[in-house]
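Notes for the one structure printed next.
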Amino acid sequence: MSTVLAGFARVAKAMANPVRLHLLDLLSQAERNVEDLAAAANVPIGNTSAQLKVLRDAGLVCSRREGTRIYYRLAGDDVVSLYAVLREVSQHRLAAAEVLSVGHVGSAQSSGIVTREELLRRLWDDRTVLIDVRPTVEYHSAHLPGAISVPLEELRSRVDEVPVGSEVVTYCRSAHCLLAQEAVWLLRAHGRCARRLEEGMLEWRLHRLPVESQETRRHAPPQRPREYVHAVARSA
């Protein structure tokens with residue numbers, strides 16, 4: 001029994017670091033090389049490599065080499081689920097996290113959100129524009145069907161591409177990601193009707209809903225709305 005518990009403790013210890021949790025968050029969106037992860041996490045490359053080694057030794061991430069670069073990815077969907085549960089428990093059990101959550105939810109409710117079920121009904125509705133505000137590399141790895149990529153840092157210069165009169169739905173990495181809400185504020189300041197999806201790519205993936213990627217969009221037609229209704233039924 002003590003050996004089993006020691007294994008549990010090893011995984012828990014690997015996650016007990018803010019930098020490593022940030023890396024898991026980034027890898028929950030897309031496979032990344034060490035240099036890209038270091039830049040995205042704003043951490044020196046050497047430290048990033050060291051933290052990734054801890055995660056790999058604990059079985060949470062896998063790696064592959066392509067030329068001179070090493071790419072990392074999460075070891076499986078169970079790691080995504082573990083990370084999501086950790087976030088949820090922390091949000092409900094830690095006083096500081098709860099205060100932050102209340103502030104975030106309050107601002108989201110005041111500005112309006114779109115539920116997963118509502119978005120599923122509105123996919124391929126010509127009046128709805130779905131915008132993915134994550135970095136392009138994450139969009140290419142996987143995104144919600146029909147979404148267009150407009151990273152938040154590009155949105156201000158590309159806002160004229162968003163048609164007036166349509167309702168815009170923005171989304172980012174997860175329900176706790178603020179990028180989608182910032183996009184809503186910017187779009188509204190430019191006269192667009194915009195709301196954010198209450199969840200993000202992380203929750204969409206956990207519910208096993210269909211996604212598109214750079215490869216699937218190139219080689220296969222998108223699924224139609226009826227298939228999404230079936231997908232929701234299976235995930236319920």
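Heavy-atom basis, side chains included; hydrogens, waters and symmetry copies ignored.
Between the R69 side chain and the E35 main chain, no donor and acceptor come within less than 3.5 Å of each other. With hydrogens and angles ignored, the 3.5 Å screen pairs no side-chain donor or acceptor of R116 with any backbone N or O of L197. W204 contributes no side-chain N or O that, together with a main-chain N or O of S174, makes up a donor-acceptor pair within less than 3.5 Å. With hydrogens and angles ignored, the 3.5 Å screen pairs a side-chain donor or acceptor of R188 with a backbone N or O of A194.
For the atom pair CD1 of I148 and NE2 of H143, the computed distance is 10.5 Å after rounding to the nearest 0.5 Å. To the nearest 0.5 Å, atom CG of residue L206 and atom CE of residue M201 are 10.0 Å apart. We find the CG-CZ distance between L52 and R32 to be 11.5 Å, quoted to the nearest 0.5 Å. To the nearest 0.5 angstrom, I113 atom CD1 is 4.5 Å from E198 atom CD. Here L152 contributes atom CG and Q181 contributes atom CD; the two are 11.5 Å apart, rounded to the nearest 0.5 Å. Here I131 contributes atom CD1 and L155 contributes atom CG; the two are 6.0 Å apart, rounded to the nearest 0.5 Å.
When every heavy atom of V11 is checked against every heavy atom of A58, the shortest pair comes out as CG2-O, 3.9 Å. Minimum interatomic distance between V19 and Q51 (heavy atoms only, all atoms of both residues): CG1-CG, 3.8 Å. Residue A38 comes nearest to I45 through the heavy atom pair CB-CG1, 3.8 Å, listed as atom of the first residue, atom of the second, then distance. Nearest heavy-atom pair across L60 and A14 is CD1-CB, 4.1 Å. The shortest non-hydrogen separation linking S141 to E31 is OG-N, 4.5 Å. Taking every heavy atom of both residues into account, E154 and V150 meet most closely at C-CG1, 4.4 Å.
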Result block: side-chain N/O donor-acceptor pairs under 3.5 angstrom for residues 162-173, not counting sequence neighbours:
unit_1, atom_1, unit_2, atom_2, d
E167, OE1, R122, NH1, 3.3
E167, OE1, R122, NH2, 2.9
E167, OE2, R195, NE, 2.6
E167, OE2, R195, NH2, 3.2
T170, OG1, A180, O, 2.9
Y171, OH, D132, OD2, 2.6
Y171, OH, L144, N, 3.0
R173, NE, E138, OE1, 3.0
R173, NE, E138, OE2, 3.2
R173, NH2, E138, OE2, 2.7

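The closest side-chain heavy-atom distance from V80 to Y83 is not below 4.5 Å. At a threshold of 4.5 Å between non-hydrogen side-chain atoms, the residues D36 and N33 count as touching. Within the 4.5 Å cutoff, side-chain heavy atoms of R208 are placed close to those of D77. Between E199 and H207, some side-chain heavy-atom pair lies under the 4.5 Å cut-off.
Connection of L86 to V89 is not established within any shared hydrophobic cluster, with ILVMFWY side chains joined at heavy-atom distances below 4.5 Å, either directly or through further cluster members. Residues I70 and L74 share a hydrophobic cluster, clusters being chains of Ile/Leu/Val/Met/Phe/Trp/Tyr side chains in contact below 4.5 Å. Linking Ile, Leu, Val, Met, Phe, Trp and Tyr whenever their side-chain heavy atoms come within less than 4.5 Å puts V133 and L186 in one cluster. Taking hydrophobic clusters as Ile, Leu, Val, Met, Phe, Trp and Tyr residues chained together by side-chain heavy-atom distances below 4.5 Å, M15 shares a cluster with Y72. With hydrophobic clusters built from ILVMFWY side chains whose heavy atoms lie under 4.5 angstrom apart, L37 does not share a cluster with V54.
Note on residues 12-27: pairs passing salt bridge (charged side-chain N to carboxylate O under 4.0 Å, His left out), not counting sequence neighbours, are D25-R87.
The pair R158-E161 counts as a salt bridge, with a side-chain nitrogen and a carboxylate oxygen less than 4.0 angstrom apart. Comment: R64 engages E66 in a salt bridge, judged by a side-chain N to carboxylate O separation of less than 4.0 angstrom.
Within a 6.0 Å sphere centred on CD of E88, heavy atoms belonging to other residues, nucleotides or ligands number 12 at most.
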